[in-house]
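Everything on this sheet refers to the single structure shown next.
Throughout, a chain's letter reflects where its sequence line sits, starting with A, and its residues are numbered from 1.
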Amino acid sequence: MSAKLEIRNLVKKFGGLTATNDVSFTIEPGQSVGLIGPNGAGKTTIFSQIMGEHPQTKGEILIDGKEISHLATPQRIHAGVSRTYQVPRPFSEMSVAENIRVGLMPDSIWDMITRGPNREREVEIASAIGLGEDQLERLPSELSMGDLRKLEMARTLATSPRLMLLDEVFAGLTVNEIAVISDLVQSMRDDGMTFLIVSHDLKALEPLVDHAIAINHGEVIAQGQYQDVMGSDIVRASYLGTA
Amino acid sequence: MLQVLIQGLLLSGLYALIAVGFTLIFSVGRVLNLAYGAYLLIGGYAYFYFAQTLGMPKFAGVLMAGIFGCVLGLLKFQLIVKPLKGNHVAIEISTLILAVFLQSTVIFVFGDSSKILLPIIPGVERVAGAAIPFSNLFAAIASWIILLSLWWFVRSTHMGRAMQAVSMDAKGAAISGVDANRVNMFTWGLSGALGAIAGVFFASYTQLYPGMWVAPLIIAVAVVIVGGIGSIIGTLIVAHIVGFLEILTSAYIAPELRGVFTMLLIIVILVWRPSGLFGREEL
Amino acid sequence: MNLRWHHFALWALFIVGMFALPQFVSNGTLRTMIFANFLAIFAISWDTLSGRTGYISFGHPFLIGIGAYTTAILTHRFDFPVEISIPIAVIATMVGGLIVLLPALRIKGSYFALVTLAMMELVYQLVQVVRPDLTGGTRGMSGLPTLTRGAANGYYMSVSLMLAIALSMWLIMKTRLGTALSAIGMNEEAVSGSGLSVTKLKMTAFLMSAFIAGLGGAVYIHYLGSIAPRALFDINFVFTIIVAALIGGAGTTIGPIAGAFFLTFLLEYLRPWLPGAERYMVYSGLALLIYMYQPKGMWALMTQATFKSKIRP
């Protein structure tokens, strides 16, 4: 259940502004890669290009060697990639179980009507992600920030991705919650999931990734082993704000 | 030919005046105010009551219409738009309900039948077979003056620039010290007053009746959508496109079809190019 | 499917109650209830598209009108029997509505609402001038074949249709399709991010809505026996439909029905005091108050008051 992601010469322009400029990198199956860079460097823009929410101006995106750049978001999900958002926005008037249900649905109207929800699978995903059975009927408004992040991951996981893009998974969490999410990612890595993770919390990120890609001003400035990337002068400079 | 040109110019001027208040709200508040047509309704009836029933001077009647519109705009902002906190769907629906409420209030007070509004300036001049009522001429000229001074106001005054700032980026404007609430209040009041004054002219151009708010609303929507949200110059240009389309249609095709192309214009532009012909976000 | 036996018991009770009513009330009340039934059908149709997915239609009479005019023209001008013309009218509404509004479903929020509003006004103007020999022009048509005679029969017909539509929509909305449609209204991006084609879902909602609108519109004019463009393509009619759905509770099945009955009877009871259109003052004032206080409608208010818990019917 691992996927390989190749990004080739990705360019994204919003009007006159260049958000990403000639970004290329490859993530091997089963790797876990941190995407780092200062605010506004273009990290989230890369995510939304991979998902097809804001299609790229130029360049190619491949999953397991298959070009996905021309596909709509739902087809990309079926190709095996899925993402979480910086600010979790669950279906606000639906229970936890129903939120997961939407992620589990087949993309066929006929199937939706004729077959009922898979209750066991919903419970299974919820408990895999650390949401108790007593929380299944709760509304998102009754959940803590940590549980909201879990719900976001549960809905993402329900689409059976082989590559997950996590956007600022640790933002707004307590130390305990960070540990829980971290364990979760760790165990999914052991099962072979490929990860691309954006986080400002480098201390929390470090144990989860083996590689890193650093970007600034929409360009890749360093990539390779996590320690090497973090140790390079250009990355230090960009974090100090001198680049 | 000259007749069509003259009628087109007169009607277009009126349409520009109708649309400009709607443009203001749409660009500053990012709100689709479906009760905009009701300003025209209230303005028309306020003028009718003060100038014709009470016999006040006509200028005072127009002024009263403007005041009523302004107060209505302010109330609407305070009681409906602000509590709904940018929930666009809810604002659209509640302004639609409000429009029907105001319509039935007018029926309750003035009755269901249409009223004849005496021309603000009596007299008609004939040019090349076209009758030019002085009222309409006055409305067209007034609308040009109002639009140009508004354009100047937005560009050159402190409040105008604050409106521009809010229309471009409400959050950014707040950070740089613009009081968005005050700007919004001002815009809603101004829009209400402009709408109500337009209503006086519109009612004397057509007639004064409780259902008269729908047509100007659609015209305002058409002008704003086609012209691009928030562009005053775009508003002026497109008001002329819509006005001339109507005059040409009724002169050369069939009078009953005069509104058809306006609707088609809205639909085609919205589906094909939602940002309008003249772009957006530049008040 | 999340169905419980007491849901069906409540439905059974509701259906029996509705069918027993003619035994207890006067013919005048029955006539009022017939209108309430039709309004409920239109409100359910509106809710299927707008209440669930959040794509607000301000031009629903456009859909109702396609159904109504198709069957009126077929029966009146071409002597089609009603049994054939009504199914054709329903199909025409679905196909015609889809051709016109499919491009509009791409655009979001306010713009979709505006396109539907413009569509309704466009059709209103066209119907009066294009082929008046078919449409009857401004005056419309009268002397159309009627389906029933007498208040009681009219009531049974309208209430059966309304209940059949309500029950089927309730069952469909209880499935995962209903969940997916409501999800669009809450966060469209996350729906496509869950691998579901939003376009396909919106189209399904639209077709169901058009089916109900076309069927309701066609049967309605065969109850009235006449059709007039001004009464049909009217912003007050849009308003009544939307307010019925909202005041009862959008996104539910029982809400639009409750709203339709409440509004129809409110208007009827106000008649002795306010005979004309000024009745809408009370009606819209009340609607505005309820909507500003609880946008989810009376149903939400009532369940809040009685159960103090989150019961979402």
Among B:Val260, B:Leu264, B:Leu102, B:Thr262, single out the residue with the greatest number of heavy-atom pairs under 4.5 Å to chain C.
-> B:Val260

Please step through side-chain contact (heavy atoms from CB on, under 4.5 Å) for the pair B:Leu79 and C:Met292, ending with a clear verdict.
-> CA-CA 9 Å; B:Leu79 298 179; C:Met292 294 296 294; over 6 Å; no

Only one of B:Leu96, B:Leu34, B:Ile218 passes side chain to side chain contact (heavy atoms under 4.5 Å, CB included) with C:Ile235, and that residue is B:Leu96

Of the listed B:Ile93, B:Val221, B:Leu98, the one with the largest count of heavy-atom pairs under 4.5 Å with chain C is B:Ile93

Whatever's closer than 4.5 Å to a heavy atom in chain C on B:Ile91 counts as neither

Below 4.5 Å, heavy atoms only, C-beta onward: do B:Ser104 and C:Arg279 meet side chain to side chain?
-> no

Any chance you could measure C:Ile242, atom CD1, to B:Glu92, atom CD, to the nearest 0.5 Å?
-> 10.0 Å

OH (B:Tyr49) with more than 12 external heavy atoms under 6.0 Å | no

Would you tabulate the side-chain donor-acceptor contacts of residues 105-115 of chain B under 3.5 Å, counting partners in other chains and residues two or more places apart, or write 'none'?
from: B:Thr105; atom 1: OG1; to: B:Phe101; atom 2: O; distance (Å): 2.7
from: B:Ser114; atom 1: OG; to: B:Gln207; atom 2: OE1; distance (Å): 3.2
from: B:Lys115; atom 1: NZ; to: B:Phe110; atom 2: O; distance (Å): 3.0

Is C:Phe239 atom CZ crowded by more than 12 heavy atoms from other residues, nucleotides or ligands, each under 6.0 Å away?
-> yes

Against chain C, work out which of B:Pro210, B:Ala90, B:Gly211, B:Ala99 has the most heavy-atom pairs shorter than 4.5 Å and name it.
-> B:Ala90

Sequence neighbours left out, what passes ring pair (Phe, Tyr, Trp, His ring centres under 6.0 Å) with C:Phe233? Give chain and number order.
-> none

Contact listing (chain B partner; residues 280-289 of chain C; heavy atom under 4.5 Å) = C:Tyr280, C:Met281, C:Ser284, C:Gly285, C:Ala287, C:Leu288

Check whether any side-chain heavy atom of C:Leu126 sits under 4.5 Å from a side-chain heavy atom of B:Met263, and report yes or no.
-> no

Tell me, do C:Glu121 and B:Val214 make a side-chain contact under 4.5 Å, heavy atoms counted?
-> yes

Using a cut-off of 6.0 Å, state whether more than 12 heavy atoms not belonging to C:Arg230 lie near its atom CZ.
-> yes

Select one option (side chain, backbone, both, neither) describing which atoms of C:Val115 are under 4.5 Å from chain B's heavy atoms.
-> both

In terms of heavy-atom proximity below 4.5 Å to chain C, should B:Val100 be classed as side chain, backbone, both, or neither?
-> both

Could you list which of residues 15-22 of chain B have a heavy atom closer than 4.5 Å to any heavy atom of chain C, in residue-number order?
-> none

